[in-house]
Each structure stands twice: as structure tokens, then as C-alpha cells.
There are 2 protein chains.
Amino acid sequence: MQALERSMKIAALLSDADQGEMSISELSAQSGLALSTMHRILQGMARQRMVEQDEQTKLYRLGPVWMEYGLRLYDSMDYVTKIRPELERLSREVKESVYLSRPSGNEAIVMERIDSEENPIRINDPLGIRIPLHIGAANKAILAAMPEDRVRRIVETLIPEEKRDDFYIKLQQIRDAGFAESHGERTPGTASVAVAVKDGLGEVIGAVSIGFLDYGLENERLAYLSEKVMEAGDRIGRKLGAG
Amino acid sequence: MQALERSMKIAALLSDADQGEMSISELSAQSGLALSTMHRILQGMARQRMVEQDEQTKLYRLGPVWMEYGLRLYDSMDYVTKIRPELERLSREVKESVYLSRPSGNEAIVMERIDSEENPIRINDPLGIRIPLHIGAANKAILAAMPEDRVRRIVETLIPEEKRDDFYIKLQQIRDAGFAESHGERTPGTASVAVAVKDGLGEVIGAVSIGFLDYGLENERLAYLSEKVMEAGDRIGRKLGAG
DNA sequence: AATTGCTTTCCGTTTATCGGAAAAAGGAGG
DNA sequence: CCTCCTTTTTCCGATAAACGGAAAGCAATT
């Protein structure tokens, strides 16, 4: 099944590209595939609308199928009707950017971002990026809310042996506090607070988080943000629990 | 490149499936592919995370890559920061569901939906579906705003020869009125009003529309909605034009 | 007009895909 | 607990489909 493998590699390259566009020779160079091979695969991908080629510049970019299926999945997950309005509310309350992440394997995908309209500062984690589950407040909140055996399996693949005990202690602190916080873990100068969200069956379906600048922050503000993020998490959980 | 073709066919089947899940034998039956072939392809797709298999039920469903790339594309299009807040505002104003569609070939994809929190009635076109450009108010608004040669090419592939003249007249009416409306075209009992949205370069990037129940509707309400949708279209256009 | 830097097509070789058939795994019923 | 049936997974030799080097097109640039 190497055609698929190569296609997905190409999709990944395009997704990370500067303007989301690359020439056939650039792709060939970066992937190590021969030009003719690359050309043939791109033709095939284009027929499936996985990529499209700019008529003028000949550059390739990702096609519409990704969004098509992506949006359908998104819409099938109660986001639009149940979760997003709560995120909007939280964002208006705290006047900061608010995120929703969703676990997927050993990582979480940033599913949703609401930028505060009143706060010009944008930390702007892009939607769709994957972040390992041990990094950041949102992901640690997710881990802390998962059943123990699953946590153990994930921790054992992500964290070197000698650091695991510290990490388990950290997770327990998150459970005790009811929220997770991180400072400068992914982006220097920024911090975030987060809580996990469970569906009606008790499954962890993601985490709500607030991202903000970690500069000259008073303790009261931090307490306020963590209070608000917990409230939002509660409200979403109740919405999902009720059906 | 038949592996790709088959994979995308499978993705399409899964996307249309009941709960978004199908067994390998169901897939094999519906696609006409041999079980072993289907199994091999699904394994390959699973390695690329295009599908995932439920550990208990063995059923397959679409994997996370679609959302990953879909969200990144979505985020690269100014939706989150510029367009969505205006849709929220429009939805709050008119207390109805608001949509954003985006053209892609001869069709448009429903990119965004804001359900009014105060109005319990949900028409609920799902996100991600493709609708031919000659169907519905939003899509006709898009067509009416496109350059003439492009319109002609699209109309000639979508509409039978004897009905084209009527259609061109309809498009001109939309241009004159400044908005498009449709009644029961896709879903009986529902109607919508829409305007096209252009970016800074004058390219049509989509249409904003309001969907509502077409029952006992006074003329004033219709005039109000069309007025509001045009205002929202203007605001978005100006945001995009400014950069 | 010639050069350069790309994209696209050609085509003989080879290798990865194909799918029928057999094996394994899971349930349902006795 | 065992048997029968359904569904999933693995095997493997034949074959068609992908491979990629090289040549041909195409379009700016000098």
C-alpha cells in the first residue's frame, strides 16, 4: 500500500508548506521521490481532489476533500450545537483565547479556537495541530482524567523511565486541584489553564483551555481564570451528560 | 493509481454510513471489492490514520487525518478571526441559523453553521456537504457574483440547454436585488436568503445565508432578513478587503 | 535565438498489488 | 462444553499496475 503512504506524505508536506503550496520539483526534492513518480501520484491525488493545482503557477495545494470529510466529522460530534456556544461564552467572560482539544492516540488535536474579540493579543495555536499528550495544560488535563491503565500505556511510550514518577505526581496534583496549568511549555511567555471534558458515558472527549500571556500576571487573575475554565467544563459536561 | 481511488471510495462510503461506521464485509459488499482486498486496503488506510477500527466491534470509521488537515485548511482561510464573528453577530440579530458556503468546482461546500441559541428550530444542513452551484440561495448568490465566462461554463455543465435562458435571467435578478432567495428548493418548508462574499481581490470566496422556516412568513420579515444578510455580507467584505 | 529551469510524457523493467482460498477468531445455540 | 456458523484475517503464486530514468515540452529570461 505504498501509494497511500506516499500520498499522505505529500499531503503532510503540503500542509506544512509556506503558503500551503509547493511545486512538483520541491515536493520531489523534499520527499526523495523521482519527478515522474511524483507527477503521477499528484495526478492521481488531483483526480480524487486530495490536491489541486493552480492553473497559473502550477503549484499544488491540498484539495477540498480534507475539509469536506473533516467538517462532517466535526459536525457529528456535538461541537456546533453544544460545545461551541459554551466556548464562546467563556471567551467573552475572560476575554482571552479559548481552545478545545481532543485526544487521538498519544496526541491531542486542537479542534476549536475562539479568539476574544476584545483582546488583541493572539497566541494562536493553529487548528488541527497534533500535540503529544504530555505537553501543555489541556493535554495533561486529558491524561489526568483517563483511566489508569490507559494513562500508564501512554506515559510509557512518551516519557523516559526516570521521569515517569514525577509525571504521575503531577497528574495527581491536577486531579486534586480540578484543573491543569502550564507555563511556557509550548510557547515561551504564554500560559494556560485547562479542564478535561467527559461525555455522558464518562469517556474523556477532550479539554477546554484558556491561553494567555504569562507576564505580570497576578495570582488573583490566575485563580479567576481557573475558576472560570472549571465552570465552563462543568457546563459542557452537563450538556453532554443530559444527551 | 487505483489504490487511491479505492481508498477514497471507501472514505466516501464510511462518511455516508449510518453511524459513520461499517464492517469490513459491508464495505466489501457495497464496493464490490473482494474481502481480502478490502482488508488489505483498510489496513493501509489505518496505518495512515485515514480510518480507525473500533477495538470491540471491529467496525471501521473515518480516522483523524481528515479533521487534522481539514481544520488546518479551515484555519488558513480567515474564518476564525474575521468571518465567524460576523456570522455570530448575524445569527444573534436575526435569531435564525446562519451558514457560510464556499465554491469548489461546480459545487459549494457548507463551511460553517451558526445555530441560533434562542431559536429551537434547526434546519441543520450538515457541515461539509457539497451542493451543486445552481441549487439554493447561497449557491445562486455565488454564481451571480462570478465572472461571466466562468458562470457560462458552470451553467453549461449543470443545466439542460432549454432551461439556461431562464436561469441567466434569474441570476440577473439576483444581481439587481443584491441578494438571492430560495423557497423549498432543497428542503420543503424551508427558505433562505443569501449574499455573495468577495475577498480583497474581488474573487468570490463564498456566500452568507440565513435559513428559516417558510411558513406564515410576512413580507416584512423577509425584507428584514434580506436587509440583515446584505449588511453582514458588506461587513465581511470590508474586513477581507482591508486585509 | 539560445539558455535555463521547470513540468509533462514515454516506455521497458520490475515489483507491489490482486483476490481466491484456507485459516483463525468470535458468538449463538444446543 | 462443544459445535456450527458468521466474520475477520492471513497466505501465496499469477499478473497487471506502478516505477523512474530519460527525453520531450513549455515558458520565462538574457
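Order of the sequence lines sets the chain letters (A, B, ...), proteins ahead of strands, with each chain counted from 1. As a basis for the values below, the full set of heavy atoms in this structure was taken, side chains included, without hydrogen atoms, waters or symmetry mates.
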Quick one: which protein N/O atoms are closer than 3.5 Å to N/O atoms of nucleotides 25-29 of chain D? Pair and distance per line, please.
none

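Between its opening and closing five pairs, the helix from C:dA1-D:dT30 to C:dG30-D:dC1 changes axis direction by 40°, a value rounded to 10 degrees.
Residue pairs meeting the side-chain hydrogen bond (donor to acceptor under 3.5 Å, both in side chains) criterion with at least one member in residues 153-171 of chain B, sequence neighbours excluded, are B:Asn106-B:Thr157. Pairs of residues two or more places apart, or lying in two chains, that qualify as salt bridge (charged side-chain N to carboxylate O under 4.0 Å, His left out) and include a residue from residues 5-17 of chain B are A:Arg72-B:Asp16. Pairs passing the salt bridge (charged side-chain N to carboxylate O under 4.0 Å, His left out) check and including a residue from residues 21-44 of chain A, sequence neighbours excluded, read A:Glu21-A:Arg61.
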Do nucleotides 14-28 of chain C as a string where each nucleotide becomes B, S or -: B if the base has a protein heavy atom under 4.0 Å, S if just the sugar-phosphate does, - if no protein is that close.
-> --SSBBBB-------
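Every side chain to side chain contact (heavy atoms under 4.5 Å, CB included) that B:Ala46 has, sequence neighbours left out, goes to B:Val51. In this view, B:Glu185 and B:Lys140 satisfy the salt bridge (charged side-chain N to carboxylate O under 4.0 Å, His left out) rule, not counting sequence neighbours. Considering only residues two or more places apart in sequence or on other chains, A:Glu55 meets the salt bridge (charged side-chain N to carboxylate O under 4.0 Å, His left out) condition with none of them. When the salt bridge (charged side-chain N to carboxylate O under 4.0 Å, His left out) test is applied to B:Arg186, the partners found at least two apart in sequence or on another chain are B:Asp125.
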Enumerate donor-acceptor pairs with a distance under 3.5 Å from any side-chain N or O in residues 194-205 of chain B to protein atoms, sequence neighbours excluded.
unit_1	atom_1	unit_2	atom_2	d
B:Asp199	OD1	B:Leu201	N	2.9
B:Asp199	OD1	B:Gly202	N	3.2
B:Asp199	OD1	B:Glu203	N	3.0

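For the segment residues 7-27 of chain A, the set of residues with a heavy atom within less than 4.0 Å of an atom of DNA chain C comprises A:Ser23, A:Ile24, A:Ser25, in numerical order.
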